[in-house]
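These numbers come from the heavy atoms of this one structure, side chains and all, not from hydrogens, waters or symmetry mates. Residue numbers start at 1 and run along the sequence shown. These numbers come from a predicted model, not from an experiment.
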Amino acid sequence: MARSLGVSLAEAYPQVAAMWLQERNGGLTPQKATPKMQVAVWWRCPAGHEWEENISNRTALPKWKNGDVAACRECVGYRVSYTYPTCGHTAMVTPEAAAKKHPRCWKCQQQWWQENEPRMKAELSAAAKTAAGRAAELLEAVPFPGDVPAPLMTEWRWWAAKHLQGAIAAEEVMGKQGRREEVLAQVTRAVTTLLPSKEAAGRAAAGEGQGVLRLLDQAHWAEGWLHHLTGRRPRLVQAEHLELVAWQLGDLLAAWSQEAAEDVAADRAEGGRPPTTADLTRSLTRVALSMKEELLEDSVLAPYARAYRELRLPVVPDGKGRYGRLDVVIWMPGLPDVVVEIDSAPNAASAQKLAFARDAGAYPLWVRFGSGGIEKIDGVMVLDIRDAVRGVCEAGSGG
């Protein structure tokens, strides 16, 4: 039944007003209060339970009240009174929360953590490292489906071990009993759904995941997984289209080299050092990420496109035990993805990833600013910027 906002709480909800704890509510009374007031006041039920709660919450009718607007959380078992043993504070919590037997309330725990954070982090880190063997033994007993690729199982073992070692450390250092069993159950459930379905990969590649498939807290290239799971070999991008995309990136790189050279010259004039390979790679990655705007300038697709860095893909480069990562992926709805690898020197790992991206139907671009043994890959556009990078490094050096 709808209630008028002009009606007092006492008139509209007499059964709720009967629980009003006047001695703790100052000058406000049920006759002055309205049912939807966002004001916290004190209440006492017939059983003697006291608590503070907004008036608007008391007049609401969530499921736990079972139709009784004046129901008490403690009386119906929806909340129980729990006294935290270490800080001594009492609060109404769910039975499940009370069963965990936390030593401190949330506020006291936050304060305690701030005061002890450096020491606790060091102790937790040391305990987690010590727990590596025990975590590995627990994970060995976890059954896993036979259709899961070995590299994905390697990812799971790394992910599960990290969480399980942390759980063991939390038990030993922070007294969070039962944490080990809780996390072990979580990682065991995760292994049953480890391999993504073709449908999930397809939806993520088509737009539901904006080109990203999340596996074990890691962002993966959805189009790559779709290709891997289905064996689907979309038509390779046309050479002239690949050249056009490469030209747009090349234009950005030319502008970058001029600006970077000026910045380096100004920095070195003030005694700064020349840029390192890591500096150059980070700067070039930013340029590649900015390509999204160039590709879709004034396009209706622009607001929906996404640029990512470090997306994993189902390729294990030679000599590696885990899946590789792509430096930059630009996802555009309804269009092939753009994949960019940036290397100071050509290497086999990048070549493998780019060949896979080519076969998955992407625009594969290889930005290189060093020499190496791999000069060309069919269907992959190479942008050799050695001269531009050399000019950036030498800017302001007088050489």
Enquirer: If you define the side chain from C-beta out and look only at heavy atoms, does anything of Leu124 sit under 4.5 Å from Met174?
Expert: yes
Enquirer: Rounded to the nearest 0.5 Å, what separation is found between the CG atom of Leu313 and the NZ atom of Lys353?
Expert: 7.0 Å
Enquirer: Tell me if a side-chain donor or acceptor on Gln15 pairs with a main-chain N or O of Val69 at a distance below 3.5 Å.
Expert: no
Enquirer: Quick one: are Met153 and Leu194 in side-chain contact, heavy atoms under 4.5 Å?
Expert: yes
Enquirer: Strictly by ring-ring contact (aromatic ring centres under 6.0 Å, His included), give each pair with a member in residues 302-361 just once, sequence neighbours left out.
Expert: Trp225-Tyr323, His227-Phe356
Enquirer: Should the heavy atoms of other residues, nucleotides or ligands under 6.0 Å from CH2 of Trp247 be counted, would the total exceed 12?
Expert: no
Enquirer: Any heavy-atom pair between the side chains of Arg104 and Trp113 that's under 4.5 Å?
Expert: no
Enquirer: Of the non-hydrogen atoms in Gly321 and Thr154, which two are nearest, and what is the gap between them?
Expert: O-CG2, 3.6 Å
Enquirer: Treating Glu172 as the side-chain partner and Lys176 as the backbone partner, does any N or O pair qualify as donor plus acceptor under 3.5 Å?
Expert: no
Enquirer: Asp267 side chain to Asp263 main-chain N or O, any donor-acceptor pair under 3.5 Å?
Expert: no
Enquirer: Quick test of your reading of the model: are Arg390 and Asp387 salt-bridged, counting only N-O distances below 4.0 Å?
Expert: yes
Enquirer: Between Glu171 and Arg179, does any side-chain N to carboxylate O distance fall below 4.0 Å?
Expert: no
Enquirer: May I ask you to decide whether Glu137 forms a salt bridge with Arg134, counting only side-chain N to carboxylate O separations under 4.0 Å?
Expert: no
Enquirer: With a 3.5 Å distance limit and no angle check, can you tell me whether Asn54 reaches the backbone of Ser56 through a side-chain donor-acceptor pair?
Expert: no
Enquirer: Taking atom CZ of Arg235 as the centre, does the number of heavy atoms from other residues, nucleotides or ligands within less than 6.0 Å exceed 12?
Expert: no
Enquirer: Which pair of heavy atoms, one from Asp147 and one from Leu195, lies closest together, and at what distance?
Expert: O-CD2, 3.7 Å
Enquirer: Roughly how far, to the nearest 0.5 Å, is CG of Leu139 from CH2 of Trp159?
Expert: 10.0 Å
Enquirer: When rounded to the nearest 0.5 angstrom, what distance separates CD in Gln111 from SG in Cys105?
Expert: 9.0 Å
Enquirer: Are Val237 and Ile330 in one and the same hydrophobic cluster, where Ile, Leu, Val, Met, Phe, Trp and Tyr link if side-chain heavy atoms are under 4.5 Å apart?
Expert: yes
Enquirer: Any chance you could measure Leu61, atom CG, to Asn66, atom CG, to the nearest 0.5 Å?
Expert: 9.0 Å
Enquirer: For Lys121, is there any backbone N or O sitting under 3.5 Å from a side-chain donor or acceptor partner on Ser125?
Expert: no
Enquirer: Is any side-chain heavy atom of Ile55 less than 4.5 Å from a side-chain heavy atom of Thr34?
Expert: no
Enquirer: Out of Glu74, Met19, Arg79, Arg44, which residue meets the side-chain contact (heavy atoms from CB on, under 4.5 Å) rule with His49?
Expert: Glu74
Enquirer: Might you point out which heavy atoms bring Ala127 and Val173 nearest each other, and give the distance in Å?
Expert: CB-CG2, 3.8 Å
Enquirer: Centre-to-centre under 6.0 Å for Trp43 and Trp20, is that the case here?
Expert: yes
Enquirer: Given side-chain contact (heavy atoms from CB on, under 4.5 Å), test Leu215 with Glu155 step by step and report yes or no.
Expert: CA-CA 9 Å; Leu215 304 176; Glu155 295 288 330; over 6 Å; no
Enquirer: Looking at CZ of Arg282 and OG1 of Thr277, how far apart are the two atoms once the value is rounded to the nearest 0.5 Å?
Expert: 10.5 Å
Enquirer: Going from CE on Met291 to CG on Leu296, what distance comes out if it is rounded to the nearest 0.5 angstrom?
Expert: 10.0 Å
Enquirer: Return the minimal non-hydrogen interatomic distance between Ala70 and Arg58, and the atom names on each side.
Expert: O-NH2, 3.1 Å
Enquirer: Is it true that atom CH2 of Trp106 has more than 12 heavy atoms of other residues, nucleotides or ligands lying nearer than 6.0 Å?
Expert: no
Enquirer: Are Asp279 and Arg273 within salt-bridge range, i.e. N to O under 4.0 Å?
Expert: yes
Enquirer: Hey, are the side chains of Leu280 and Cys393 touching, using non-hydrogen atoms and a 4.5 Å cut-off?
Expert: yes
Enquirer: Using a 4.5 Å cut-off on heavy atoms from C-beta on, say whether the side chain of Val80 contacts that of Val93.
Expert: yes
Enquirer: Are the side chain of Asn25 and the backbone of Leu21 linked by a donor-acceptor contact shorter than 3.5 Å?
Expert: yes
Enquirer: Around atom CZ of Arg306, are there more than 12 heavy atoms of other residues, nucleotides or ligands at under 6.0 Å?
Expert: yes
Enquirer: Give every residue pair that meets the ring-ring contact (aromatic ring centres under 6.0 Å, His included) criterion with at least one member in residues 80-99, sequence neighbours excluded.
Expert: Tyr82-Tyr84
Enquirer: Can you name the one residue among Asp343, Asp384, Leu383, Asp327 that meets side-chain contact (heavy atoms from CB on, under 4.5 Å) with Trp366?
Expert: Asp343
Enquirer: Would you say the side chain of Pro151 lies within less than 4.5 Å of the side chain of Arg322, judging by non-hydrogen atoms?
Expert: no
Enquirer: Going through the checks in order, is the side-chain contact (heavy atoms from CB on, under 4.5 Å) test met by Tyr363 and Leu249?
Expert: CA-CA 12 Å; Tyr363 292 108; Leu249 179 56; over 6 Å; no
Enquirer: List in chain and number order the residues that pass side-chain hydrogen bond (donor to acceptor under 3.5 Å, both in side chains) with Arg73, two or more places apart in sequence or in another chain; answer none if no residue qualifies.
Expert: Glu53
Enquirer: Determine the minimum heavy-atom distance between Arg386 and Gly370, stating which atoms define it.
Expert: CG-N, 3.5 Å
Enquirer: Report yes or no: does Lys65 contribute a side-chain atom to a donor-acceptor pair with the main-chain N or O of Ala60 at less than 3.5 Å?
Expert: yes
Enquirer: Give the minimum heavy-atom separation between Pro333 and Leu301, together with the two atoms involved.
Expert: O-CD1, 3.6 Å
Enquirer: So, does Ser350 use its side chain to make a donor-acceptor pair with the main chain of Glu341 at under 3.5 Å?
Expert: no
Enquirer: Side-chain contact, heavy-atom cut-off 4.5 Å: Leu365 with Leu242?
Expert: yes
Enquirer: Is it true that the side chains of Trp221 and Glu223 contain a donor and an acceptor less than 3.5 Å apart?
Expert: no
Enquirer: Taking Gln218 for the side chain and Arg312 for the main chain, is one N or O donor matched with an acceptor at less than 3.5 Å?
Expert: no
Enquirer: When you check the gap from the basic side-chain N to the acidic O, do Glu199 and Arg203 get nearer than 4.0 Å?
Expert: no
Enquirer: Got a donor-acceptor contact below 3.5 angstrom from the Arg368 side chain to the Val382 backbone?
Expert: no
Enquirer: Side-chain heavy atoms under 4.5 angstrom apart, residues restricted to Ile, Leu, Val, Met, Phe, Trp, Tyr: same cluster for Leu213 and Leu311?
Expert: no
Enquirer: Check this for me: does any side-chain nitrogen of one of Arg24 and Glu50 sit under 4.0 Å from a carboxylate oxygen of the other?
Expert: yes
